[in-house]
Amino acid sequence: MGKKDNDMNRKKSSEVEQEKRIVVIDPDKCKPNSAAFAHLKRHAGKCGKECIQIIAKKVVQVSEQACSVCVNRCKQCPGDAVSVVKLPTNLTTDTTHRYGVNSFKLHGLPIPRPGHVLGLLGTNGTGKSTCLSILSGRVKPNLGQVEPPKPEWTDIIKYYRGSDLQNYFSGVIEDQLRVVVKPQLEAGFARRLKGKSVRELMKARDERGMMDRFAKLLDLEDVMEREAQDLSGGELQRFAAACTMCRDADVYMFDEVTSFLDIKQRLQVTEVLRNLVHGGTEEWGPDADMVKSKKYVIVVEHDLAILDYMSDFVQCLYGAPGAYGVVTSRSRVRNGINQFLAGYIAADNMRFRPYALTFKVTTSDFNVASELDGDGEEELGADNPGDKAMGTLRYPDMSKLRQRKNEEGEVVSQFKLNIKSGSFSDCECIVMMGENGTGKTTFMELLAGRNKEQRGKEVAIGSYEANNMEEGSANPSLAALGVSYKPQAMNPKHRKFKGSVNDLLEAEINRALQDRLFRLLVLKPLGMEALGDLSVASLSGGEMQRLSIVLCLGTPALVYLIDEPSAGLDCEQRVIAAKVMKRWVVNHMKRTIFLVEHDFVMASSMADKVIVFEGKPGIEATALAPCSVADGFNSFLQVLDVTFRKDPINLRPRINKKNSRLDKLQKAQGEYYLFDVVDDVDDDDL
């Protein structure tokens, strides 16, 4: 009895702290016919102990108490199939769940609170989806016991005795709390709904009788008769969110609910989501007077501005992706996000990242010479791409009409984009901002010369012919000057590539790979070394996104067109990717970036100029001329009726709570984006 109680103690014992490690084996890289399997099989049992074992001639198992000799042999395993990860010595909780020997393990769990929105923040692979699976009751936490007998629910409830999770788990297993989950949108999500219309699917889930209301609030009225597999990414995301909210439940979980949505749609989803617990009250915050709701809402989100706006509390997750994850204690939104960006959890005295993620721009951030071990010249010399200046280029008024016809040749629908003339220069990042369906990608394709009518009639922007175009002529492009284009979706040619990531990089950007600066400033921060031996076809969405960015930046060009680079990336990768793109293209190459981005934090950290798109999505829209960041942000945010300020600690943009004192003050002054930093202001208290 005493031993079992000791095993079920959530707090670690006060024994002398010693360095611990876990050994994680990637099963995809350690199959029986692989070089990694042969390497470990060759060394199994050589030390005289059972450090490395082969189970049933098919599975490799490495003891976490392995001797130092066997640990070194694991580190030398080909293909990075084995990871030896050091655990922090001052973890305050034992293992909550482990998938198996030499597999991922999770320390701690989020603690939801009724009547509040709990946000989960962390990098990919640290256990956020695992937390949702456990809290939904789909996965029973084994408390680290991977061998039988595994704990029963009674043991688990006893384990969490005295905490909020005791009552929560009791309610889940006794069916007193009903849980619904909006999952991530993976490739097979829409295929499972084939043959059914949006209205039919929503009606089957409309347990609250609010289908029509959610369809209106989330702009789904025009797609109700369409089949689910024909929806775009943004429409599918709003449809999935609406179906989840239509269910009558006590616990609502949303896993990455704003992916593929524009800024306006993200705000709409946030308003509806918060109404699940706040009942439509205008005053938000942990201490606000509100309708006393008993519903739990848990959200996983990577857009920091939206997570800040929708959450009452946050809990962060840190660790080694794929190896272990640790859940921090619950904290106020501002403190939790700032501590995650700082890489230091004050309550646990835990430094989990050696550097802070900040939006402060200093000269040292873009000082290339400081990265060259004291040799600032390296091999640049006459080959420095910045030697060929483009100057200022002006593009004329343009227009593009897209039509969709049926089998009889009749026009079913059409969209027209009008582009106002404008100019751009070297060393600029121009961010395109607008709703989905207003022609941002159409504009990018025009600049890249990807339209059918432009082929064979290339007229370069900035040339005499482009500035004196006759009406009806093909639109000019930048193709003749040199363009590197990262489209919104992954290039199908790359997705079908038969080979590893290294093979693709060598085939596409072999010259860039020889540049030491490219390896230092692009490949290393985007984590390409860890992906090098993986098959391109096996990459996840986030890994494929990082690969697409690398391929784009490694292609020599005068202008870089980058469409939604944040899709699939976690919050930490977004900050790193933004700095990599601006540092390499704008500050080192002295080139120009045209960027389409819906993550306002990422867009604001990169923008030098802004192009605002106005009009009716899917019908007709206008791309205004590039303007200053202040004018562009203010005009765009005024349409959305939302205000931003900057956090004084790391300068990240924060959305002011609706009808708060700062929100009303900035609207009265016409400053929808406050560039000046207001010290020690937390809008939760206003």
Side-chain angles (χ1 to χ4, degrees), residues 10 92-93 96-97 106-122 126-141 143 153 156-157 159-184 241 244-245 247-257 269-270 272-279 284-288 290-302 306-318 325-337 340 345 347 684:
R10 283 181 289 126
T92 57
T93 57
T96 300
H97 185 72
L106 178 69
H107 289 261
L109 274 179
I111 304 177
R113 186 174 173 182
H116 293 81
V117 179
L118 175 66
L120 301 184
L121 173 64
T126 53
K128 298 184 299 298
S129 295
T130 298
C131 289
L132 295 189
S133 298
I134 292 174
L135 292 176
S136 66
R138 296 177 180 178
V139 172
K140 184 193 297 183
L143 309 182
W153 275 114
I156 295 167
I157 293 173
Y159 178 82
Y160 287 107
R161 183 174 51 197
S163 72
D164 291 344
L165 287 175
Q166 179 185 8
N167 294 331
Y168 178 86
F169 280 129
S170 297
V172 170
I173 66 172
E174 294 172 6
D175 295 329
Q176 295 176 358
L177 291 179
R178 188 184 180 201
V179 182
V180 294
V181 182
K182 190 219 77 74
Q184 292 185 33
T244 303
M245 295 175 188
R247 305 285 295 275
D248 186 14
D250 303 289
V251 185
Y252 294 88
M253 299 182 183
F254 298 88
D255 199 349
E256 299 186 23
V257 70
V269 169
T270 298
V272 178
L273 186 149
R274 287 190 62 86
N275 284 341
L276 290 172
V277 295
H278 287 262
W284 291 4
D287 304 317
M290 59 186 177
V291 176
K292 295 297 182 182
S293 170
K294 296 298 182 182
K295 296 185 184 297
Y296 299 81
V297 176
I298 307 171
V299 181
V300 174
E301 183 54 57
H302 292 303
I306 295 298
L307 180 71
D308 190 340
Y309 188 49
M310 68 168 52
S311 304
D312 295 311
F313 298 97
V314 297
Q315 287 187 253
C316 303
L317 289 91
Y318 65 87
V326 181
V327 183
T328 66
S329 57
R330 191 169 57 198
S331 62
R332 295 289 289 264
V333 177
R334 180 192 178 193
N335 293 338
I337 295 178
F340 179 82
I345 306 299
D684 294 336

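- Atom CE of Met245 and atom CG of Leu273 lie 4.5 Å apart (nearest 0.5 Å).
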side-chain contact (heavy atoms from CB on, under 4.5 Å) assessment of Leu177 paired with Tyr296: CA-CA 10 Å; Leu177 291 179; Tyr296 299 81; 4.1 Å; yes
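- For Thr244, there are no side chain to side chain donor-acceptor pair (under 3.5 Å) partners at least two apart in sequence or on another chain.
- By the 4.5 Å heavy-atom criterion applied to side chains, Val251 and Pro112 are not counted as neighbours.
- Taking a cutoff of 4.0 Å between a charged side-chain nitrogen and a carboxylate oxygen, Arg113 and Asp312 do not qualify as a salt bridge.
- Under a 3.5 Å cut-off, the side chain of Thr96 and the backbone N or O of His107 do not form any donor-acceptor pair.
- Under the 3.5 Å distance criterion, the side-chain polar atoms of Lys128 are matched with a main-chain donor or acceptor of Gly122.
- Expressed to the nearest 0.5 Å, how far CG of Asp255 lies from CD1 of Ile298 amounts to 11.0 Å.
- Using a 4.5 Å heavy-atom threshold, the side chains of Pro110 and Leu118 count as touching.
- Side chain of Tyr168 to main chain of Leu135: a donor-acceptor pair is present (N/O by atom type, distance under 3.5 Å, no hydrogens or angles).
- Counting only residues at least two apart or in different chains, salt bridge (charged side-chain N to carboxylate O under 4.0 Å, His left out) contacts with residues 162-182 comprise Asp164-Arg330, Arg178-Glu207.
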Let's go through Tyr318 and Leu121 carefully: what are the C-alpha distance in whole Å and the side-chain angles of both, what is the deciding distance for side-chain contact (heavy atoms from CB on, under 4.5 Å) to 0.1 Å, and is it a yes or a no? CA-CA 9 Å; Tyr318 65 87; Leu121 173 64; over 6 Å; no
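- Gln315 places a side-chain N or O within 3.5 Å of a backbone atom of Thr328 that can act as its donor or acceptor partner.
- In this structure a side-chain-to-backbone donor-acceptor pair under 3.5 Å is present from Tyr252 to Arg247.
- With contacts defined as side-chain heavy-atom distances shorter than 4.5 Å, the pair Val181/Val179 qualifies.
- Interatomic distance, OG of Ser311 versus CG of Leu120, reported as 8.5 Å (0.5 Å rounding).
- Taking the six-membered ring for Trp, Phe169 and Tyr160 have ring centres closer than 6.0 Å.
- Aromatic ring pairs are classed by plane angle as parallel below 30°, tilted from 30° to 60° and perpendicular above 60°; the pair His116 and Phe313 is tilted.
- Residue Cys316 comes nearest to Phe340 through the heavy atom pair SG-CB, 3.8 Å, listed as atom of the first residue, atom of the second, then distance.
- Looking at Lys295, its side chain does come within 3.5 Å of a backbone N or O of Ala249 through a donor-acceptor pair.
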Go through it in stages, so that I can follow the logic: the residues are Val272 and Thr270, the test is side-chain contact (heavy atoms from CB on, under 4.5 Å), and I'd like the CA-CA distance, side-chain angles, deciding distance and then a yes or no. CA-CA 6 Å; Val272 178; Thr270 298; over 6 Å; no
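- For the residue pair Cys131 and Val327, the shortest heavy atom distance occurs at SG-CG2, 4.0 Å.
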Taking it one step at a time, do Thr130 and Val139 satisfy side-chain contact (heavy atoms from CB on, under 4.5 Å)? CA-CA 8 Å; Thr130 298; Val139 172; 5.8 Å; no
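- Nearest approach of Val257 to Glu301, heavy atoms of both residues: N-OE1, 3.8 Å.
- The shortest side-chain heavy-atom distance between Ile111 and Leu109 does not fall under the 4.5 Å cut-off.
- The side-chain heavy atoms of Ile173 and Ile157, taken from C-beta on, include a pair separated by under 4.5 Å.
- Put simply, OG on Ser129 and CE on Met253 are 11.5 Å apart, with the number rounded to the nearest 0.5 Å.
- A 4.5 Å side-chain heavy-atom check between Leu317 and Val326 finds every atom pair outside the cut-off.
- Remark: Ser329 pairs with Ala347 by the side-chain contact (heavy atoms from CB on, under 4.5 Å) rule, at least two apart or across chains.
- Atoms CG and CD, from Leu132 and Gln184 in turn, are 9.0 Å apart once rounded to the nearest 0.5 Å.
- Atom CG of Leu106 is separated from atom CD1 of Ile134 by 5.5 Å, given to the nearest 0.5 angstrom.
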